[in-house]
Each structure stands twice: as structure tokens, then as C-alpha cells.
Amino acid sequence: MKNTNHISDELLLDYSTGALTEAWSIAVAAHLSMCPRSRAAYSKMEELGGAFLNSVNPEVLSESIFESVLDRLDDDIEATNSDVGKDPEWAGRFGIPTVVSDYFASDTKKLPWKSLGLGVNQIVLETRDKSATARLLKIPAGKKVPHHSHHGRELTVVFSGGFTDATGTYGPGDIQEVSSSVEHQPWARKGEDCICLAVTDAPLKFSNIA
């Protein structure tokens, strides 16, 4: 698998410093799990960040920060023990990384697919992120998503199949970053449904273009 569309340095830096919220972090982590080049860049950023921290004089942390860390650890333990992500075979069939499939119900036959029209279906991931929405999309082979623009930012990570739009062609492992200035109409490859993760922080604006 060869990735031709990689994550931007700005987005990768935000991820490495913990500046991204949950929904955006899921998309970045999914891309990193599939793209060796982006993983190498991420590791380099972590090395540089670690070297910078070693050069800074330590400061005494408040008790409130320690309590906050404990609360986060409790949340992680609860999420790990929850009854999700128990069917790796189904997710693996479509190249869906664990960081995404862990948000699915254990019984994949009861996944809450909902129609978006034109044969496109979605599953909205249940996150604690109130600033953005992450959704798994299934676009039928050879079909187009309605032409649209954005009120905000959109990240799309392809797991299987692929799509083409005005910005380029995207296949498994690729990530697409779209700003509010972009208008496009993704078109799934023929012969295979496109399974991808899309994260948005505002509603899409659909046009009347067919």
C-alpha cells in the first residue's frame, strides 16, 4: 500500500502537542496507523519535543493538575473495559484501524448505519467531543457524494476503496484536509465501495449541482 496524500506538518504538530480534540485525534491516529511516512514524521516531532522539554527548567505542578491526570486515567480505563470493538475481523476486512473500530458496538450486525441519500451511509462515532463530529462513511462504488462546500474544516481518511474530487485522488491510508474555501464532489472508485472516516466541525453546504 502506497500513500500519496500525507498529513500536513501543522496538523501533525497539533496532534503531537495534544492540541487536537477527540474527533480530530481519531482521524489523525487512524492515518498514522496506515502511513509509514507520516509515522516517521510524527516520531521526529516527538523526539524534538522531548529534547525541548529536557532543556526547560522544571516547575512545581499543582495538586489540581495531578487530580486531572487521575481523572483522565479513570476515563481511559472505563473506555478500555467497555463492550466495544469485539469484532476485529469485520473491521479488518475494510481496513478500519482499531482506533476507529473501538467506537463500534460489539455486534457489527447491529451497526447503526443511517442513509445520507444517493446510497451513501454513515455511522456517527459516539465521542465526548462537542466541537467536531466523526463519522464512518460508506460510499457505493462508482457513486458521487452530493456537491458541497464547508462552513469549517473537514478531514477524511480512506480505509478501503477510494475517491477522486477536485483536489486529487485518495486511496487506502490517504488523508484529505479540506478548508471552508473548498467546494468538491467526492466520487468513489468503480469496483469497490469507499469506506472512510470524515471529521467536520460544522454542517456541510450542499449545492444544486448534480
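What's counted below: heavy atoms across the whole structure, side chains too, no hydrogens, waters or symmetry copies.
For the side-chain contact (heavy atoms from CB on, under 4.5 Å) with Phe163, the qualifying choice from Val145, Thr156, Thr169 is Thr156, the only one to do so.
The minimum heavy-atom distance linking Arg135 with Thr200 is given by the pair NH1-OG1, 3.4 Å. Tyr170 approaches Arg189 most closely through the heavy-atom pair O-NH2, 3.7 Å. Gly142 approaches Trp187 most closely through the heavy-atom pair O-NE1, 2.8 Å. Of all heavy-atom pairs between Cys35 and Gly173, the closest is CB-O, 4.4 Å. The shortest non-hydrogen separation linking Ser38 to Leu12 is O-CD2, 4.1 Å. Annotation for Ala23 and Val199: closest pair O-CG2, 3.5 Å, computed over non-hydrogen atoms.
No donor-acceptor pair under 3.5 Å is formed between the side chain of Asn5 and the backbone N or O of Gln176. A donor-acceptor contact shorter than 3.5 Å links the side chain of Arg39 to the backbone of Leu32. A donor-acceptor pair is defined here as one N or O able to donate and one able to accept, closer than 3.5 Å; no such pair exists between the side chain of Asn121 and the backbone of Trp113. Between the Asp193 side chain and the Ala141 main chain, a donor and an acceptor come within less than 3.5 Å of each other. No donor-acceptor distance shorter than 3.5 angstrom exists from the side chain of Glu154 to the backbone of Val178, with no hydrogens or angles considered. Counting only distance, with no hydrogens or angles, the side chain of His6 and the backbone of Ile175 share no donor-acceptor pair below 3.5 Å. In this structure, the side chain of Asp174 engages the main chain of Gly171 through a donor-acceptor pair within 3.5 Å.
In this pair, Tyr42 and Tyr15 present their aromatic rings tilted. The plane angle is within the 30 to 60° band.
With a 4.5 Å cut-off on side-chain heavy atoms, Arg153 and Trp24 count as touching. By the 4.5 Å heavy-atom criterion applied to side chains, Leu20 and Leu11 are counted as neighbours. Looking only at side-chain heavy atoms (C-beta outward), Val158 and Met34 stay at 4.5 Å or farther from each other. Looking only at side-chain heavy atoms (C-beta outward), Val100 and Val157 stay at 4.5 Å or farther from each other. Side-chain contact between Thr164 and Pro186 is absent, with no heavy atoms from C-beta onward closer than 4.5 Å.
Environment of CD in Glu192: crowded, with over 12 heavy atoms of neighbouring residues, nucleotides or ligands closer than 6.0 Å.
Legend: residues meeting side-chain hydrogen bond (donor to acceptor under 3.5 Å, both in side chains) with Glu177, ordered by chain and number and at least two apart, are Ser8.
Annotation: the span from Cys196 atom SG to Leu155 atom CG amounts to 12.0 Å, rounded to 0.5 Å. Note that CZ of Arg93 is 10.5 Å distant from OG of Ser160, once rounded to the nearest 0.5 Å. To the nearest 0.5 Å, the span separating CG on Leu137 from CG on Leu197 amounts to 7.5 Å. With values rounded to the nearest 0.5 angstrom, Lys130 atom NZ is found 9.5 Å from Thr133 atom OG1.
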Item to complete: Please lay out, stage by stage, how Ile96 and Leu136 fare under the test side chain to side chain contact (heavy atoms under 4.5 Å, CB included).
Response: CA-CA 10 Å; Ile96 301 172; Leu136 187 71; 4.1 Å; yes

Discussion item. With side chain to side chain contact (heavy atoms under 4.5 Å, CB included) as the criterion, how do Ile26 and Tyr103 come out once you've worked through the C-alpha distance, each side chain's angles and the decisive distance to 0.1 Å?
Written reply: CA-CA 10 Å; Ile26 294 170; Tyr103 284 87; 3.4 Å; yes

